[in-house]
Asks: 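If you scroll down you'll find the structure; I have some questions about it.
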Amino acid sequence: MASPKRTPASSDKDVADPKKRDFIVVATYAMAGLGVAAVGWPLINQMNPAADTLALASTEVDVSKIAEGQAITITWRGKPVFIRHRTSDEIARANAVDGSNLRDPEEDEARVQRPEMLVVLGVCTHLGCVPLGQKTSEVKGDYEGWFCPCHGSHYDTSGRIRKGPAPTNLEVPPYTFLSDTIIRIG
Amino acid sequence: MSAEKFSNPVVRWIDHRLPVFSMLDHTANDYPTPKNLNYMWNFGSLAGLSLVIMIVTGIVLAMNYTAHVDHAFESVERIMRDVNHGWLIRYIHMNAASFFFIVVYIHIFRGLYYGSYKAPRELLWILGVVIFLLMMATAFMGYVLPWGQMSFWGATVITNLFSAIPFVGESIVTFLWGGFSVDNPTLNRFFSLHYLMPFLIAGVVVLHIVALHRFGSNNPIGIDAKGPQDTISFHPYYTIKDMFGVAVFLLLLAGAVFFFPNAMGHPDNYIPANPMQTPAHIVPEWYFLPFYAILRAVPDKLGGVLLMFSAILVLFILPWLDRSPIRSARFRPVFRIFFWLLFVDCIALGYLGAKPAEGIYVVLSRVTTAWYFMHFLIILPLLSVFETTKPLPKSISEPVLSARSHNTGVGQMAPAE
């Protein structure tokens, strides 16, 4: 008759070849793990940008209305983009410094497609605030470019970091001149 | 609780201070389970799995859903078209809801057939009915969220049920709506509650399991386990059996999700909600149809509402309506016939709930509704007294072992390899 004690089948003592059982157990866990990973991926991937969000990833701007010395701010991917129509004085100031000596070494001509039209992301590279300096009434910092009010980063007329905690220059987004007056960002 | 049962020293250290591993071990490993459970006992774990699937997919859907009358429908369409794998997640959520009800209905009928509601498991049964009620509320509010035509008019009809209450009915309905019709405040609170209630269900499920483990599972014979010879440990025997059930369940769910994702839905819910126009033929989700049929069977507004709720409330007092000391229908030949009549009656109610309330359907609805209540309120109490039951075996092991020695002449149980 059956033994009155319940037999724990998981005990290795009663098994002829415990390695065989180990293999089955490991294979089962591996398959279950694969299954969980396969199901888990869609649940995690749904948090990545959706198709309609990606479709908004480029913006076209008419820059013909920006007078010399003025700047506009437009939105691209939910972030501000600064477009500044630089004066010859500002261009000269940007070229006056030796870019290789700066914190984030970069020459002005590497940062523009047309010298009079500077396009940079209006996001401070320190912790993501929007620097001041777009409006004529705003503080432009020690280098006549932009000044970030959050932690005091100073950017020059080329958007390069000159003073303060920010590690890198204001980022230049990918853009193309579709015509003399239309820029497509993204 | 001996700490030596765990070989891992970290587990031992934690378990000594916080005995979660002992509790898990007691619940899902060492738990002595009757050795004769059949596949009808798979549906409890499947219901638990369904709840987990609903919560997980629901949480990620909520990340992409907007609970506002102007944006809800479009945000659901965005989930279907633009959100990565959104179509998959939403179709799983939709279909798993239906599968949850299928599983729970089978679970309930299992309990009815094998007398699982009888002493000492009355509270276990009652907690199950509470879970069922919470599920219905959750499902109803979830169906409102896509803000399609069926969402809107379903919400309107169901909330209007409460207007049947004398004197305060209209005030209650205004309170439920947060306004003078189903509108943005209604949608917002339904979303909030739809998110909350699954966690309430999970809480009651814990109580349900605690109550279950107090006396252990019922079994197809319906007699108590007399000792260790009648039970086997839950793991690995029933974990493996449950896993097999899970595999079959997931195959069927995947079949629905990938091949018939809208079969259990209603096409009108892909039309945005329009408060100015009711669809020609509105029906609730299929799992509410039997109760909907009862509602419409009564020509009186308040009477219909009361009878519909009574159809569920009667389940609460079932342990005291069926006084027969024999649990399993296997030993109750007359009860078994009436059980199957009730089963057919419920299917018929579901069918009638989907038909327009006119002509022969109304008559049939009334007959089936009357039978539903007669079964519980008249037949079961009478059977408890007058039925001649079959003799019970002495123990769970006895019928198995005697059949074994008759057939093979071998009494010794060899460990399975």
Asks: Closest heavy-atom contact between A/Pro49 and B/Asn84?
Replies: O-ND2, 3.4 Å
Asks: How about CZ on A/Arg103, more than 12 heavy atoms from neighbouring residues, nucleotides or ligands closer than 6.0 Å, or not?
Replies: yes
Asks: Nearest heavy-atom pair of A/Ala50 and B/Asp82: which atoms, and what distance?
Replies: CB-O, 3.3 Å
Asks: In terms of heavy-atom contacts, does CZ of A/Phe177 have more than 12 from other residues, nucleotides or ligands at under 6.0 Å?
Replies: yes
Asks: Kindly check if the number of other-residue, nucleotide or ligand heavy atoms within 6.0 Å of CZ (A/Arg114) is above 12?
Replies: yes
Asks: Counting heavy atoms not belonging to A/Tyr29, are there more than 12 under 6.0 Å from its OH?
Replies: no
Asks: Give a yes or no on whether A/Lys20 atom NZ has more than 12 heavy-atom contacts from other residues, nucleotides or ligands under 6.0 Å away.
Replies: no
Asks: In Å, rounded to the nearest 0.5 Å, how long is the span from CZ of B/Arg78 to OG1 of A/Thr53?
Replies: 4.5 Å
Asks: Working to the nearest 0.5 Å, report the span between CG of A/Leu43 and CE of B/Met63.
Replies: 9.0 Å
Asks: Which distance, rounded to the nearest 0.5 Å, do you find between the CD of A/Gln46 and the CG of B/Leu88?
Replies: 11.0 Å
